[in-house]
Amino acid sequence: MLKIDLAGKRALVAGVADDAGFGFAIAHALAEAGASVCVGTWPPALTIFLNLLERGKMDESRKLSSGELMTFEKIYPLDAVYDRYDEIPEDIRTSKRYKEVGDCSIGGLADRLVADFGERPLDIVVHSLANGPEVKKPLLEVSRNGYLGAVSASAYSLVSMVQRLGPLLRDDGSFLSLTYMASERVIPGYGGGMSSAKAALESDTRTLAFEAGRKYRCRINTISAGPLASRAASAIGIIEKMVEYVSANAPLTEKLTAKEVGATAAFLSSSLASAITGNTVYVDKGYHAMGMAVPPG
Ligand SMILES: NC(=O)c1ccc[n+]([C@@H]2O[C@H](COP(=O)([O-])OP(=O)(O)OC[C@H]3O[C@@H](n4cnc5c(N)ncnc54)[C@H](O)[C@@H]3O)[C@@H](O)[C@H]2O)c1
């Protein structure tokens, strides 16, 4: 029987702070396939996430097919706009949500992983995070800071993770990120430079696949997912309309579930996908193939 077998593999999923988004569903699918899973959580969301876990609010979604609950081997604080601790501004470092967590930079995460598990502790890295401080503003109105902030949090963060976590990967490792088709088609409302950030993420996926493939023998892909009403997507303000529009106009009309993206992520992270790298893989019910909306009637 051909099955996704990630037994003995360790994954890091960066960008998990509740059970509604793609990161959680990917963590669940990787755990279902036998991997041990660590997560990286943004400090402003960390306390709430830990509370939800502790109070059993996510027990239903943590259930695996064995009946056991998925557990996270480690939950690391991670702010992916910083590469090193000394880059975190003093006022942020000493603020309520950051002062207890220590070095939550990407470099700090790499150091913690090595301290906890040894020199080459990882097989799978998933980048499931994005942030656009001015996402509600059209590109025509976005400030330089807003634009660069979106690209920093949502695209350079992947480059930095490959730089710092690439050396920690065991042979045949895999990086995966999440993108959105606003990178290549106009999606009104997906503003703040987020469309530019996703275009950079997809282009970087190809270049990094070559460079890191040669250097670390790893693969790098990105999943272009259809719209899902996650916490991050709700910030866009029109996510419900986007979901409805896609299900009215895509080849497959059922709404996309995070679980479907999780299953694709588990496949792409496994040795079954050993020849797949540098790809943007659409998991969107086929919507990307359409050239016009389905006419009414
Ligand atoms: N929801 C959609 O419709 C959709 C569609 C296509 C692609 N995506 C992409 O999927 C990925 C996951 O998003 P999601 O929609 O599942 O929402 P989500 O809210 O589950 O995930 C986004 C995560 O990013 C974290 N984050 C924000 N800024 C961060 C930072 N500086 N450092 C570390 N973490 C940070 C948030 O805390 C959150 O946990 C994102 O890359 C998003 O762009 C989403």
Side-chain angles (χ1 to χ4, degrees), residues 12-28 39-49 52 58 61 75-83 87-88 92 97-98 101 104-106 108-109 126-133 135 149-158 160-161 176-185 187 189-190 192-195 197-202 205 222-247 255-262 264-265 280-285 287-288:
L12 170 80
V13 183
V16 180
D18 59 37
D19 59 359
F22 290 130
F24 188 95
I26 292 171
H28 192 275
V39 295
T41 303
W42 196 34
L46 185 59
T47 309
I48 298 172
F49 182 51
L52 288 172
M58 288 189 264
S61 4
I75 298 174
Y76 294 107
L78 171 67
D79 192 326
V81 302
Y82 304 113
D83 304 318
E87 288 174 355
I88 307 177
I92 298 204
R97 301 278 180 221
Y98 285 75
V101 302
C104 59
S105 68
I106 296 174
L109 170 68
V126 179
H127 173 288
S128 182
L129 59 95
N131 203 354
V135 69
V151 173
S152 167
S154 314
Y156 186 77
S157 52
L158 176 73
S160 176
M161 283 173 62
L176 184 66
S177 69
L178 274 297
T179 186
Y180 182 50
M181 71 174 303
S183 58
E184 50 183 317
R185 305 284 159 85
I187 306 288
Y190 195 81
M194 278 304 300
S195 54
K198 291 303 192 190
L201 185 75
E202 289 171 26
T205 296
T222 187
I223 289 177
S224 184
L228 174 86
S230 64
R231 179 187 280 251
S234 303
I236 304 167
I238 52 158
I239 185 68
E240 300 296 350
K241 283 189 186 141
M242 291 162 78
V243 170
E244 270 163 39
Y245 182 87
V246 167
S247 78
K255 287 181 183 164
L256 176 75
T257 64
K259 195 175 172 190
E260 292 172 305
V261 172
T264 309
T280 298
V281 178
Y282 295 94
V283 184
D284 66 347
K285 303 284 182 179
Y287 177 72
H288 68 280

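These values consider heavy atoms only, across backbone and side chains, with no hydrogens, waters or symmetry-generated copies. Worth saying up front: this structure is predicted, and the values here are computed from it rather than measured. One-based numbering, in listed order, for ligands and for the atoms of each. Nothing fancy with the numbering, it's 1 onward along the sequence.
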With nothing but distance in play, are any N or O atoms of [X] less than 3.5 Å from an N or O of ligand 1?
X: K198; value: yes
X: A80; value: yes
X: D79; value: yes
X: P227; value: no

Which residues pass the salt bridge (charged side-chain N to carboxylate O under 4.0 Å, His left out) test with E202, sequence neighbours left out?
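With sequence neighbours excluded, E202 shows a salt bridge (charged side-chain N to carboxylate O under 4.0 Å, His left out) to no residue whatsoever.
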Salt bridge (charged side-chain N to carboxylate O under 4.0 Å, His left out) partners for R231, two or more places apart:
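Expected list: D18.
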What is the nearest protein non-hydrogen atom to [atom], stated with its residue, atom name and distance?
atom: atom 15 (O) of ligand 1; result: S230 OG, 2.5 Å
atom: atom 38 (C) of ligand 1; result: G15 O, 4.3 Å
atom: atom 7 (C) of ligand 1; result: T179 O, 3.0 Å

Side-chain H-bond candidate by donor/acceptor type, H127 with S157, under 3.5 Å:
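Judged by distance alone, the side chains do pair up.
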Rounded to the nearest 0.5 Å, what separates atom OH in Y245 from atom CD1 in I238?
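Rounded to the nearest 0.5 Å, the OH-CD1 separation comes to 11.5 Å.
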Can you tell me how far CD1 of I239 sits from OG of S230, rounded to the nearest 0.5 angstrom?
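If we round to the nearest 0.5 Å, S230:OG and I239:CD1 are 6.5 Å apart.
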Just which atoms of ligand 1 are under 4.0 Å from any heavy atom in G226?
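Atoms satisfying the 4.0 Å criterion: 3 (O), 5 (C).
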Closer than 4.0 Å to some heavy atom of F22 - which atoms of ligand 1 meet that?
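This gives 1 (N), 2 (C), 4 (C), 5 (C), 8 (N), 10 (O), 16 (O), 44 (C) as the contact atoms.
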Taking the side chain as everything from C-beta on, heavy atoms only, tell me whether D79 gets closer than 4.5 Å to I88.
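Answer no - side chains too far apart.
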Could you tell me if the side chain of C104 sits less than 4.5 Å from the side chain of Y76, heavy atoms only?
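They are not in contact (no side-chain heavy atoms under 4.5 Å apart), so the answer is no.
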Looking at non-hydrogen atoms alone, which of [options] comes nearest to [atom]?
atom: atom 19 (O) of ligand 1; options: A45, A232, C104; value: A232
atom: atom 23 (C) of ligand 1; options: S128, A197, A225; value: S128
atom: atom 37 (O) of ligand 1; options: Y190, W42, Y180, Y82; value: W42
atom: atom 25 (C) of ligand 1; options: V81, L256, L129; value: L129
atom: atom 10 (O) of ligand 1; options: V135, L228, I239, L178; value: L178

Whether S154 side chain and A150 backbone form a donor-acceptor pair below 3.5 Å
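It does hold such a pair.
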K198 side-chain N/O to L178 backbone N/O, donor-acceptor pair under 3.5 Å:
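Yes, the answer is positive, given that a donor and an acceptor are paired below the 3.5 Å cut-off.
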